[in-house]
Amino acid sequence: MIDVVFSDSFAMTLKHYYKQRKVDRKVLSMPMYLSIGDISQCSFVESRKTVYKIQYAHTRESEQNTSEAVSHLKRMLRALNDGLDQGESIRIWWSGNADDYCGFLWLCDYLFDYDVETTAIHVPMAFATLGNELLTISGLGEISAPGIDELQLFTYESKLLKSQRNAYRYYWQQLRGENNPIRTIINGLAVSQSIDFYDRFIIANLSQHRYRNILRVIGETLGNYPFVPSWWYRHRIDYLVSMGSIAFKPDEQEIMGISVGKIKLNV
């Protein structure tokens with residue numbers, strides 16, 4: 001069986017979980033961020049490369065990191081194809097996180113020509129713990145290896161019939177036809193949105209009266225609205241600065257050779 005997940009951090013957790021229990025299982029990590037960017041499928045890898053460029057734009061080795069992310073995706077696709085050609089069963093891990101959700105829909109579409117046994121584990125975003133407390137997550141990456149058993153995640157596994165996969169496939173084709181820059185989850189459904197959809201959450205943490213450190217703004221935005229990765233908020237800040245909607249002031253001193261800067265709303 002092949003486990004497919006759409007989060008690098010959860011893939012590492014799942015591999016560690018299996019290793020502890022001496023379970024021989026392939027885990028394919030496919031962090032494609034399909035809630036963002038072009039999904040027209042004209043050039044799937046190239047469209048994901050554009051997203052990776054945004055992800056690593058503010059890292060020291062941005063070109064190398066982007067290249068490694070693309071190479072990793074190609075390896076995962078080859079491993080997936082090899083497994084499917086050999087008739088291996090597939091288990092898909094997903095949640096209400098937009099990237100997980102879109103990844104799940106994409107994979108249902110990808111499996112169209114394959115008659116393989118498929119199951120899915122749809123992980124809730126909220127759990128009642130043993131102490132009757134509410135535990136909420138924003139993505140599978142927040143779950144630890146012990147948490148897999150503590151939250152009884154395998155009890156959520158269910159068969160995914162080909163007819164069900166086809167239904168999800170049509171859903172993905174609809175989103176692909178719309179091909180809006182953003183897909184977000186509203187009332188449990190993936191909905192196409194404009195590229196500025198999340199900008200309001202950044203602006204909510206800014207004022208016209210004082211400059212604030214960019215990393216602090218992103219941290220607070222992410223804490224209140226953990227719907228997209230931190231690097232997407234940084235990308236949109238760069239855009240809003242370039243358009244003059246946000247004023248930027250460089251740091252007086254660099255931290256480890258990097259100037260982060262401060263921002264505020266323009267009058």
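The chain is numbered in sequence order, starting from 1. Values in this document were obtained by computation on a predicted structure and should not be read as measured data.
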Interatomic distance, Glu117 atom CD to Leu161 atom CG [nearest 0.5 angstrom]: 10.0 Å

Tyr170 with Leu175, same ILVMFWY side-chain cluster at under 4.5 Å: no

Worked verdict on Val5 versus Met30 for side chain to side chain contact (heavy atoms under 4.5 Å, CB included): CA-CA 6 Å; Val5 303; Met30 305 185 73; over 6 Å; no

Inter-residue atom distance Leu34.CG - Leu107.CG, 0.5 Å rounding: 10.5 Å

More than 12 heavy atoms of other groups within 6.0 Å of Glu63 CD: no

Side chains of Asp85 and Tyr114 in contact at under 4.5 Å (non-hydrogen atoms): yes

Exercise: do Asn81 and Tyr110 side chains pair donor with acceptor under 3.5 Å: yes

Heavy-atom closest pair, residues Ser230 and Leu222: CB-CD2, 4.0 Å

Thr118 side chain to Val116 backbone, donor-acceptor under 3.5 Å: yes

Side chain to side chain donor-acceptor pair (under 3.5 Å) between Glu68 and His72, intermediate numbers included: CA-CA 6 Å; Glu68 289 176 354; His72 173 79; over 6 Å; no

Charged N-O contact under 4.0 Å between Glu88 and Lys26: yes

Any Val51 side-chain heavy atom under 4.5 Å of Arg48 side chain: yes

Listed partners of Ile148 passing side-chain contact (heavy atoms from CB on, under 4.5 Å), at least two apart: Phe10, Thr13, Leu14, Tyr17, Ile143, Leu153, Phe154

Spatial distance of atom OG (Ser35) from atom CD (Gln193) [nearest 0.5 Å]: 11.5 Å

Shared hydrophobic cluster for Leu189 and Ile92 (ILVMFWY, side-chain gaps under 4.5 Å): yes

Pair Asn97, Ser95: side-chain N/O donor-acceptor within cut-off below 3.5 Å: no

Any donor-acceptor N or O pair under 3.5 Å, side chains Ser138, Glu142: yes

Asn65 side-chain N/O to Tyr56 backbone N/O, donor-acceptor pair under 3.5 Å: no

Side chain to side chain donor-acceptor pair (under 3.5 Å) evaluation trace for Glu178 with Ser192: CA-CA 7 Å; Glu178 295 166 350; Ser192 298; 2.4 Å; yes

Candidate list Phe6, Trp231, Trp106, test ring-ring contact (aromatic ring centres under 6.0 Å, His included), partner Tyr33, passing option: Trp231

Closest non-hydrogen atom pair between Ile2 and Gly83, with its separation: CD1-CA, 3.7 Å

N/O donor-acceptor pair under 3.5 Å between Tyr101 side chain and Gly188 backbone: yes

Any side-chain donor near an acceptor of the partner, Asp24 and Tyr18, under 3.5 Å: no

Side-chain (Arg210) to main-chain (Ser207) donor-acceptor, under 3.5 angstrom: no

Any Val4 side-chain heavy atom under 4.5 Å of Trp93 side chain: no

No-hydrogen, no-angle side-chain donor-acceptor test under 3.5 Å, Tyr52 and Ser67: no

Side chain to side chain contact (heavy atoms under 4.5 Å, CB included) between Asn166 and Phe112, worked out: CA-CA 7 Å; Asn166 286 343; Phe112 178 68; 3.4 Å; yes

Hydrophobic cluster membership, Met76 vs Val27, 4.5 Å side-chain cutoff: no

Verdict with supporting geometry, Leu77 and Val45, side chain to side chain contact (heavy atoms under 4.5 Å, CB included): CA-CA 10 Å; Leu77 287 170; Val45 173; 4.3 Å; yes

Side-chain (Arg169) to main-chain (Leu105) donor-acceptor, under 3.5 angstrom: no

Salt-bridge present (Arg21, Asp149; N to O < 4.0 Å): yes

Min side-chain heavy-atom separation Arg176-Trp172 under 4.5 Å: yes

Check: Lys49 and Ser43 side chains under 4.5 Å, non-hydrogen atoms: no

Approximate separation, where rounding is to 0.5 Å, of His122 NE2 and Met125 CE: 8.5 Å

Phe127, CZ atom: more than 12 neighbouring heavy atoms under 6.0 Å: yes

Nearest atoms (heavy-atom pairs only) where Ile185 meets Ala190: CD1-CA, 3.8 Å

Neighbour count above 12 (heavy atom, 6.0 Å) for Arg25 CZ: yes

Validation row: Ile214, Lys262 side chains within 4.5 angstrom (heavy atoms): no

Closest approach of Lys264 to Leu206 (non-hydrogen atoms, all atoms of both residues): CA-CD2, 4.5 Å

Parallel, tilted or perpendicular: rings of Phe201 and Tyr225 (30°, 60°): parallel

Heavy-atom closest contact (Leu28 atom, Ala79 atom, distance): CD2-CB, 3.8 Å

Student check: side-chain heavy atoms of Leu160 and Thr119 closer than 4.5 Å: no

Residues in side-chain contact (heavy atoms from CB on, under 4.5 Å) contact with Gln152, at least two apart in sequence or another chain: Thr155

Arg78 and Lys74, any side-chain heavy atoms less than 4.5 Å apart: yes

Donor-acceptor contact below 3.5 Å, side chain Arg75 vs main chain Val70: no

Under 3.5 Å donor-acceptor, Asn180 side chain and Ile182 backbone: no

Any donor-acceptor pair under 3.5 Å from Thr66 side chain to Ser62 backbone: yes

Approximate separation, where rounding is to 0.5 Å, of Ile121 CD1 and Arg91 CZ: 5.0 Å

Shortest non-hydrogen contact between Ile36 and Pro229, atoms and distance: CD1-CD, 4.3 Å

Phe197 six-ring centre to Arg200 NZ/CZ under 6.0 Å and within 45° of normal: yes

Test: Arg236 and Asp196 ion pair at under 4.0 Å: no

Distance (rounded to the nearest 0.5 Å) between Gln174 CD and Asn179 CG: 13.0 Å

Residues Arg234, Asp238: salt bridge by 4.0 Å N-O rule: yes

In one Ile/Leu/Val/Met/Phe/Trp/Tyr side-chain cluster, 4.5 Å: Ile90, Phe104: yes

Met243 with Ile54, same ILVMFWY side-chain cluster at under 4.5 Å: yes

Residues Glu220, Arg212: salt bridge by 4.0 Å N-O rule: yes

Lys53 atom NZ, over 12 foreign heavy atoms within 6.0 Å: no

